[in-house]
Amino acid sequence: MSENAQLIIGDKTYSLPVIEGTEGEKAIDISKLRDLTGYVTLDVGYKNTGATTSAITFLDGELGILKYRGYPIEELAEKSSFIEVAYLLIHGELPNKEQLDYFQYEISRHTLVHEDLKKFFDGFPSKSHPMGQLSSLVCSLSAYYPESLKQVQTEEELHLSIIKMLAKMTTLVSWIYKKSLGHPYIYPQNKYDYVSNFVYMTFGQRTEPYVLDPVIVKAMNTLLILHADHEQNCSTSTVRIVGSSESNIYASVSSGISALWGPLHGGANQAVIEMLEQIKEDGGDTDKWIAKAKDKNDPFRLMGFGHRVYKNFDPRAKIIKKACDEILEKLGIDDEVLEIAKKLEEVALKDPYFVERKLYPNVDFYSGIIYRALGFPTDMFTVLFALGRLPGWIAQWKEMKEHKEPIGRPRQIYTGKVNRTYVELKDR
Ligand code: SDX
């Protein structure tokens, strides 16, 4: 059923097409608005603006629904593996055994990085933030794979650059962690699957054989699946718009890493733990900190709470909260900040300020507690978010290219000075 939206400006009425998605979402197509009316729209922060059509991820913020390629996140988190979800996001279908084995095989053949890349690691100060390192290292991959710079890549070349990006991310992330400890890098082992290899390179030692803990491998798979894609969020939109200028995959992913770094986005998982530690140091008075979060004169926000789209529970937060209890119990860890987090959630969800604004825990509220239990330092949390989000960024970048979308170039409304004449320096 095609319906149109009627736009009345002055004494004219314009008819704009309405499009409807497969989940019933509706949009007014304004792609011809300026030609028709001379007007542009204004939507600072794109809160009401669709940038594209996409078949990758669907989320319903009111109902707290998240699906990858039509599969509910709850089922994928429980039954799938991260590498299988990566295949699903990038290729659109769950792989059969042969496809999954070959995908894993191809990736295992490209996990090494050029030895010269170690010189980049040596150049970073030992305590430099891992996200700054990762963004630089990923962009530098384009220097070693010049075929990725070709404006028009064959299907095979595009596929290979995707495989290389996926493969090398685990090595770069684990080596960033090793560098932070001053420990030697551990090289990938092709006998391991994607996540097991990452855990091995991260926690393995050169001095003795490393025994993979299935609890840690399963927890990492679950966390990475939950972070794998989230439709047109800030970092994914950044990857798409950088890719729309025909920038290569490494530069596009590197821009996504930079966008994710911000504490309002992926950086929130680090900010949550820092907030919980601050509350713990301050005596654990959650009521005091809830009051600060509500105080407009206080810059403090309850990190890990609220979301641009979810006006209900973030389904990922529910899964992670449940996993928190299970994993900490299995690892025999009793983390006081988990109890503070639960208390904050309990108090906030009854407080009218949060209820009226529909502020619920998001994916970042509990994830840091698990990462910490697995042995990661706080400033590695957002790098782990980037590792999880990588297949989503790749899938969205690939879809943008398949759509042959034009270079992204938003308009503006100018509000500055008009018609001024140059004044010589001596006369100012
Ligand atoms: C991620 O987009 C995605 O999909 C992102 C993500 C993904 O998977 O890619 O889901 C990952 O980024 C999750 C969000 C992580 N960020 C945080 O946890 C930081 C804390 N949250 C907020 O900064 C905020 O909620 C945002 C940035 C997430 C959303 O901000 P919006 O949509 O721009 O909402 P807003 O800032 O306009 O807030 C609306 C109201 C305001 O109060 P009023 O002006 O109406 O009085 O809610 C208040 C805000 O002050 N508010 C908060 C709050 N979040 C919003 N007040 C206290 N604490 C908070 N956390």
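Note that this is a predicted model, so its numbers are computed, not measured. In each ligand, atom 1 is the first atom listed, and ligand 1 is the first ligand listed.
Listed by chain and residue number, the protein contacts of ligand 1 are K47, H230, N233, P263, L264, H265, A268, A293, K296, R301, L302, M303, G304, F305, G306, H307, R308, R316, Y353, R357, L359, N362, D364, F385, R389 (heavy atom within 4.0 angstrom).
Residue pairs meeting the ring-ring contact (aromatic ring centres under 6.0 Å, His included) criterion with at least one partner in residues 123-142, sequence neighbours excluded, are H129-W261.
For F376 and F381, the ring centers sit 6.0 Å or farther from each other.
With a 4.5 Å cut-off on side-chain heavy atoms, H230 and Y310 count as touching.
Classified by interplanar angle (parallel below 30°, tilted 30° to 60°, perpendicular above 60°), the ring pair F313/Y360 is tilted.
Listed by chain and residue number, K47 satisfy the side chain to side chain contact (heavy atoms under 4.5 Å, CB included) test with R308 (two or more places apart in sequence, or in another chain).
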For residues 32-41, dump all side-chain donor-acceptor pairs below 3.5 Å to protein atoms at least two apart in sequence or in another chain.
from: T37; atom 1: OG1; to: L33; atom 2: O; distance (Å): 2.8
from: T37; atom 1: OG1; to: Y39; atom 2: N; distance (Å): 2.9

